[in-house]
There are 2 protein chains.
Amino acid sequence: MVHTSGVVSRAELTARTGLNRSTVADLVRELSQRGLVAEGSPLATGAPGRPSPSVTVRTDGIYVLALDVKVDSVAAATVSLGGHRLASKRVARPRSRRDISTVLDALAGLGTELMEELPDTQRLVGIGVSIVGLVPRSDAMVEVTPNLGWSDVPLAEALRARLRRRVPIVVSNDGDAGALGERVHGVARGIDDLLYVSGEVGIGGGIIAGGRALGGAVGHAGEIGHTLVDPQGEPCRCGARGCWETVIGEAALLRRAGLPEDGGQRAVSQLRGAALRGDDAALAAMEAVGRWLGLGLAGLVNVLNPQLIVLGGLHGEFHRFLAASAAEELERNSLVARGSPTGIVPAMFGVDSSLIGAAEDALQPLLRDPMTWPSWNAGDTSPDGFTGAISVE
Amino acid sequence: MVHTSGVVSRAELTARTGLNRSTVADLVRELSQRGLVAEGSPLATGAPGRPSPSVTVRTDGIYVLALDVKVDSVAAATVSLGGHRLASKRVARPRSRRDISTVLDALAGLGTELMEELPDTQRLVGIGVSIVGLVPRSDAMVEVTPNLGWSDVPLAEALRARLRRRVPIVVSNDGDAGALGERVHGVARGIDDLLYVSGEVGIGGGIIAGGRALGGAVGHAGEIGHTLVDPQGEPCRCGARGCWETVIGEAALLRRAGLPEDGGQRAVSQLRGAALRGDDAALAAMEAVGRWLGLGLAGLVNVLNPQLIVLGGLHGEFHRFLAASAAEELERNSLVARGSPTGIVPAMFGVDSSLIGAAEDALQPLLRDPMTWPSWNAGDTSPDGFTGAISVE
DNA sequence: TTCGTTTCGTTGTCTGCCCCAACGAAACAT
DNA sequence: ATGTTTCGTTGGGGCAGACAACGAAACGAA
């Protein structure tokens, strides 16, 4: 709770947990002794009564490394409790290069660089990786990434060998991580039912239902880019025909705007400029993609009834140009949306939602049980650099 | 756990709960004192070691009344712990009659009739109602039932007035109830990720994800009948165009088979007969509907990644005729299904899945906390007939 | 400024849930 | 007949968190 809020009064913790004042005091003391939170002077509320001391996350105790693999770029960040990015770096990478080893080397290099910036007293507790591809829940083997051309990559192992840190490495799907990031620290804070759409070259998605990530039987849920919207549509990379991705993906958007559909980031920049200038073709392309976006969302809203739809990546960036037509089409085509108003908002973290989500994933074990986790007092640095459980995943 | 299993050994309860033997013994003793379970002689297992006594649900202690409103029929059942139907009755009703009061009178009459069959020692603890329509999570007001022509019906209140029993009444959507029923006592027992499709006049659905019902923001999730499958398709009752329902619903099936599309149960019977005889037109209709079924399922599987798909109602009945083509189309069109094999099976309870689910809903408060619930020993029958919390919903 | 009110932290006590260990009982295997 | 395995039973104990009483720290009205 302190992690998601950043700062909370102890009284508020009491109210929100439903625990007794004494219990909350005990817990806060213990967390404080472990170097995870700090108690501060009361926040001026203006309300009568004795003021309650504030509890703040410490950003100088522990941290996690977050890594992100997209089609056009890789990124890394060091993230502390509270979701604060201590440092963050994203570098473009040529789309054509399919050599896995090179990508992983670059990624690990980025991560190492950022970790070395931090003082020795700050301790790494986990590594979270988000990648555009199917990631099963059971292990860290990435099964298929149609948009990268990879398959069956033991990502966690490969990164462990390069990073040489004895901490758990968790791998998750780009869409799932984005949803998590936006829910915990972004625009969807506190929202229990949300749909996150990450539009890039392909369309990914992440679903949070009833406050929990929807993973499905093996963790493959959320592949919303491959829902059918037009049985007579174009063939898709996935083998089917008329997938949503084929009408709202980057290629479709560029093509409609009269730009080269494999133009990559350059073409997207051109499109952005054109749209901002009010160029007719660009705006028409946006509007048309917005309609297909809304049409696909209508089906998803009927199935999932989310409270909020968060657009990440491409569609988040172009939210202002396509949200209106998407919302209109959603309203027209969704029985559920008519009875349960569903907002469509851009992601707070832009392309970095999944990076924040990956960090959150890596923090999970600590957050789930901060008390039995080894303590990170500045004093007791173990020679090994890591004293906790050494799990592979 | 005893409720879902019917009979379990105490040792198995220990293993499955992770609790201590002593604790389990205590709990079983208390449940037994409350008249909810009975301890029996050990089941012959043939394994070495001291045999463990069996624990059975008592079917003569408490019961719930389950009610079900479909387009063509209404049904009632009295259901005990363990999901045993003590009595059950379904009556057809003319589809044209839209008079709400008449339907509710008939339904309440059915319920009263079944309850009066039971001895006075058996105590009613709740009433569960399933209905084909949108039911918000927050209250018992049924918002819209496109297929019945009702809107904004205070169903719980109306039934309370007719049934005159002071127990909680819970109302839920037909699809959600069906999914629950099949999961707890039917073909999907113990499966944590499943999609239930109830094909009738309209197509309803129920989703269980991660072991919990997926309700969405206001409880409207699972309206899978209105996902888009063909933007150039026919208009649907819901206001959109090309909904799944328009190509796999009863009307579509009958039309393809050359039967009157509003022929109702009679026409469906004719179709069944024709299919069983091997009539070409009937089989071709089944096959075509199976293809559309699989196509729609492909999208849903991509989004939800269920472990199992349960076909209820019409499609459950005709499973043998359409499952093959549906499975083929699913495999072809779903990226997720290819990596995570997804079975398609008919519902165990046929049209009554939702009836069992409604009963399960009504049992929930008792199951959630059987210890603080008032005890139902034969001795302490209160004059009022109900001693527990008197909640409206 | 003073005093009542409100809200909160602190401390000691207590309860309920569950674990644990030792012992004996009831089955199977040899 | 004896060892092995699995289990129920009993008494003891630990721990999280509730509860109640007291004092402290703010605000508002006189």
Side-chain angles (χ1 to χ4, degrees), chain A residues 1-58 365-375 389, chain B residues 1-3 5-58 365-375 388-389:
Chain A
M1 208 169 278
V2 183
H3 167 66
T4 52
S5 306
V7 201
V8 217
S9 76
R10 226 159 78 186
E12 199 177 331
L13 288 175
T14 306
R16 280 167 54 186
T17 56
L19 294 175
N20 197 273
R21 284 210 295 268
S22 351
T23 309
V24 171
D26 276 353
L27 294 174
V28 170
R29 187 181 314 118
E30 194 168 348
L31 288 174
S32 172
Q33 279 167 1
R34 287 176 171 273
L36 297 176
V37 305
E39 285 194 274
S41 48
L43 303 164
T45 71
R50 176 175 175 174
S52 191
S54 65
V55 184
T56 322
V57 285
R58 287 186 58 170
L366 170 64
L367 293 173
R368 203 164 337 182
D369 190 1
M371 299 310 190
T372 62
W373 203 259
S375 53
Chain B
M1 206 170 278
V2 183
H3 167 67
S5 306
V7 201
V8 216
S9 76
R10 227 158 77 186
E12 199 178 331
L13 289 176
T14 306
R16 281 167 54 187
T17 56
L19 294 175
N20 196 273
R21 283 211 295 270
S22 349
T23 310
V24 170
D26 276 352
L27 295 176
V28 169
R29 187 180 315 117
E30 195 168 347
L31 287 174
S32 170
Q33 279 167 0
R34 286 177 170 273
L36 297 176
V37 306
E39 284 195 273
S41 48
L43 305 162
T45 72
R50 175 174 175 176
S52 190
S54 65
V55 184
T56 323
V57 286
R58 286 186 59 170
L366 170 64
L367 293 173
R368 202 165 341 188
D369 189 3
M371 298 312 189
T372 63
W373 203 258
S375 53

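In what follows, every chain begins at residue 1, and chains take the letters A, B, ... in the order their sequences are listed.
Sorted by first and then second residue, the salt bridge (charged side-chain N to carboxylate O under 4.0 Å, His left out) pairs with a member in residues 13-25 of chain A read A/Glu12-A/Arg16; sequence neighbours excluded. Counting only residues at least two apart or in different chains, side chain to side chain donor-acceptor pair (under 3.5 Å) contacts with residues 49-58 of chain B comprise B/Arg58-B/Asp60.
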Validation: residues 36-44 of chain B side-chain donor-acceptor distances under 3.5 Å, sequence neighbours left out:
{"residue": "B/Glu39", "atom": "OE2", "partner": "B/Arg10", "partner atom": "NH1", "Å": "2.6"}

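Of the candidates B/Leu31, B/Asp26, B/Val24, B/Val28 forms a side chain to side chain contact (heavy atoms under 4.5 Å, CB included) with just one, namely B/Val24.
Atom CG of A/Leu43 is separated from atom P of D/dC27 by 13 Å (rounded to the nearest Å).
The residue B/Pro53 sits close only to the backbone: its heavy atoms come under 4.0 Å of sugar-phosphate atoms, none of a base.
Scanning all heavy atoms of the two residues, the minimum distance from A/Met1 to A/Leu13 falls at SD-CD2, 3.8 Å.
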Expected rows: protein N/O vs nucleotides 2-6 of chain D N/O, under 3.5 Å:
{"residue": "D/dT5", "atom": "O2", "partner": "B/Gly49", "partner atom": "N", "Å": "3.4"}
{"residue": "D/dT6", "atom": "O2", "partner": "B/Arg50", "partner atom": "N", "Å": "2.7"}

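For B/Ser22, the side chain to side chain contact (heavy atoms under 4.5 Å, CB included) partners are B/Asn20, not counting sequence neighbours.
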Quick one: what's the B/S/- string for nucleotides 11-23 of chain C, heavy-atom cutoff under 4.0 Å, read 5' to 3'? B------SBB-B-
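A distance of 6.5 Å separates CG of B/Leu27 from CG of B/Leu19, quoted to the nearest 0.5 Å.
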